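In what follows, chains are A, B, ... by sequence order, proteins preceding strands, each numbered from 1. All of these numbers come straight from a predicted model, not from anything done at the bench.
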Number of protein chains: 2
Amino acid sequence: MPPKKVTLEEIAQMAGVSIATVSRVINQNGRFSKETEKRVKDIIEKYNYRPNQMARGLRKNRGKVVGIIVPDVTNEFFARMAVEMQVRLLREDYMAIICNTNESASIEKAHLSMLKSLLVSGLIYITHESIDVNHTLIVPTIYIDREPSPNANESEHVFIESENYQGGYLATRHLIDRGCQRIGIISLEGKISSHNNRFEGYLGALKEAGLPIDKDLFFFTKAVTYEDGSLAMDNLLEKNNDLDGVFCTADILALGALQFLLRNDINAPEEVKVVGFDDISSCTRSIPPLSTIHQSVELIAELAVQNLISMINGDPTEKPYIKLPISLIARGST
Amino acid sequence: MPPKKVTLEEIAQMAGVSIATVSRVINQNGRFSKETEKRVKDIIEKYNYRPNQMARGLRKNRGKVVGIIVPDVTNEFFARMAVEMQVRLLREDYMAIICNTNESASIEKAHLSMLKSLLVSGLIYITHESIDVNHTLIVPTIYIDREPSPNANESEHVFIESENYQGGYLATRHLIDRGCQRIGIISLEGKISSHNNRFEGYLGALKEAGLPIDKDLFFFTKAVTYEDGSLAMDNLLEKNNDLDGVFCTADILALGALQFLLRNDINAPEEVKVVGFDDISSCTRSIPPLSTIHQSVELIAELAVQNLISMINGDPTEKPYIKLPISLIARGST
DNA sequence: ATGAAAGCGCTAACAA
DNA sequence: TTGTTAGCGCTTTCAT
């Protein structure tokens, strides 16, 4: 038989107090004596009582729920981000609803609509893309890796990203230190700020080292896929027979590039060295293992959740813009 | 300013009817004239009204929400499964909450507790593992790939899995057809039904072909990881210098095995042929591409959602046990 | 420090 | 066919 669900009223009865008092104890607001508190807490414990979130949400006009919007959880990077956040939110007693948009604006819209009717307390956007649905959920929002459009965003929000310029710089600098003279770049086309900044970092390092900057060394892919990475590498090699290093603004691209090299018997790192960005787990399994720029998923998740909870609680937002350090991980590909 | 949220009552007023009528139109139950329906629907459309799920859930004692429990969304197979289900559930106007347990019983418990207080209407378990938390949520449940414990499950449920025996048989048969005489197997230890059945299929094919069955050809890993696959291959090779084929009961294991071969300059498929199971996307990117047994994630997702919705709606469950066909995909590794 | 009571927005039983 | 109304379980004034 279904273990009959306990209600506030029943707890109140068993504890010999009014429901208002029980509510106060649970939410730790208002006043009540230490004794009452203990008595109520014991009963709650004993009956394993959990407040009905629906009733609570209805009353407060917002649920203990936050939405996490990701373009594609099938991508390990997004998946890790989402789960790291989920477990942290759970600790704060918030249910995280991971919504996969599959890059589709209509699915995103449907999700937002559902989230709204579920009275979500906050939103986290994890994405490299700039899906420009003017999401009209006016709730505290965290953007990861994607600059919120300055207009049309009246809700309080925080933007978190890695030191992308610095990452591009470090990666390129590393290639130079390893002796590369003719360094190509594979990046994502369009105005995605993260990739663009990494590209700028690449240019910066080249300039600093006095290396010539040549458009033939640039390749911009349409998407972040292994196939695009392979194609890009092929193309770069065709245009530059003296290519000896490549910086890719995403690991997936770099891994695709490495694959192309392997299939075509071009030795990495001897002939061409490669550096990626993100540090996903497959980096350690490629042949050779991929050198890359590491972003701390845990740190990003931690800060995102922390800031979101603060905003939800109405605490003043300290910094609307957070930039996180990255680090270089040298492996076999350089 | 926040676009003031519309309520049932306001819609009723604008349409000049009572709230009960609007409710009837929305839920399509009870009676109402065509005219009224149109008028109400127009207003709803105009104001882009969406019923408050909290109020509704509170009243009906269950929300338009279902929980999807996965051990690790970071694993592409689970991730795909989860998103395929999520998009289908969204079409049915259900919000899918993807809960990552990270193989931890305590996290799973916390999730279930939250789901319960959110009044979920149903549950889907996607897992190869047998996390034996006696989850006491009495709601319609679908188990994928994992036999529900016969005791302690009073809730209505459906169990969906692939033809695992047949898959193991086909994979091994394929190796035999390609000329292998000494075929090893890498599987997962423990009493996971899916892996066990695949193992039985392997034995069946060997017997049928009159090939000797030798314990030296078996290796059981502790987990499904690339590393375990590599180690297993190493071990198998050491014990059998005439090994010419290996069937792995999961792609991840097979990919790990292939990696070991590549790193040690053992040519696949010439010297050793390998077949996996699942058909995850990395199969096409390994060197050589991995032959495998394909399971249709879409089909599983479709059936799971379909059956769950039926159960939630109280429709009679047709079959509590569904077995799905698989197919062999031959690639470079054989 | 505690209780009584008014809803939050919705569904469903009962009336009309 | 449509309206009236009583709650669902909780939070939160306002009394006491």
### Query
Where the side chain of B:S18 is concerned, which of C:dC10, D:dG3, D:dC10 is the nearest nucleotide?
D:dG3
### Query
Which listed nucleotide (C:dA12, D:dC10, C:dC10) is nearest to the side chain of B:P51?
C:dC10
### Task
Could you tell me which non-hydrogen atom of B:R56 sits nearest to which non-hydrogen atom of B:K64, and how far apart they are?
NH1-CE, 3.6 Å
### Residue list, ring-ring contact (aromatic ring centres under 6.0 Å, His included) with B:Y47, at least two apart or on another chain
none
Rounded distance (Å) that lies between atom [atom2] of [N] and atom [atom1] of [X]:
| X | N | atom1 | atom2 | value |
| --- | --- | --- | --- | --- |
| B:R39 | D:dT2 | CZ | P | 8 Å |
| B:E10 | C:dC8 | CD | C1' | 13 Å |
| B:I26 | C:dC10 | CD1 | P | 7 Å |
| A:E9 | C:dA5 | CD | C1' | 13 Å |
| B:L8 | D:dT4 | CG | P | 14 Å |
| B:M54 | C:dG7 | CE | C1' | 17 Å |
| B:Q53 | C:dC8 | CD | P | 19 Å |
| A:K60 | C:dG9 | NZ | P | 15 Å |

[N], OP1 or OP2 - any side-chain N/O from [X] closer than 4.0 Å?
| X | N | answer |
| --- | --- | --- |
| A:S33 | C:dT2 | yes |
| A:Y49 | D:dG9 | no |
| A:R56 | D:dC10 | no |
| A:N29 | D:dT12 | yes |
| A:K34 | C:dA1 | no |
| A:T36 | C:dT2 | yes |
| A:T21 | C:dG3 | yes |

Pick out the pairs of N or O atoms, protein on one side and nucleotides 13-16 of chain C on the other, that lie under 3.5 Å.
{"unit_1": "C:dA13", "atom_1": "N6", "unit_2": "B:R24", "atom_2": "NH2", "d": "3.4"}

### Query
Touch check for A:N61, heavy atoms < 4.0 angstrom, all strands: base, sugar-phosphate only, or nothing?
nothing
### Message
Less than 6.0 angstrom separating the ring centers of A:Y143 and A:F159, yes or no?
### Response
no
[X], [atom1] atom: more than 12 neighbouring heavy atoms under 6.0 Å:
| X | atom1 | value |
| --- | --- | --- |
| B:E9 | CD | no |
| A:Q28 | CD | yes |
| B:E45 | CD | no |

### Task
State plainly whether the residues B:K41 and B:E37 are in salt-bridge range, i.e. N to O under 4.0 Å.
yes
### Task
Identify, between A:R31 and A:I19, the residue whose nearest nucleotide on DNA chain C lies closer to the 5' end.
A:R31
#### Entry: Rounded distance [0.5 Å steps], CD1 in B:I43 versus CD in B:E10
12.0 Å
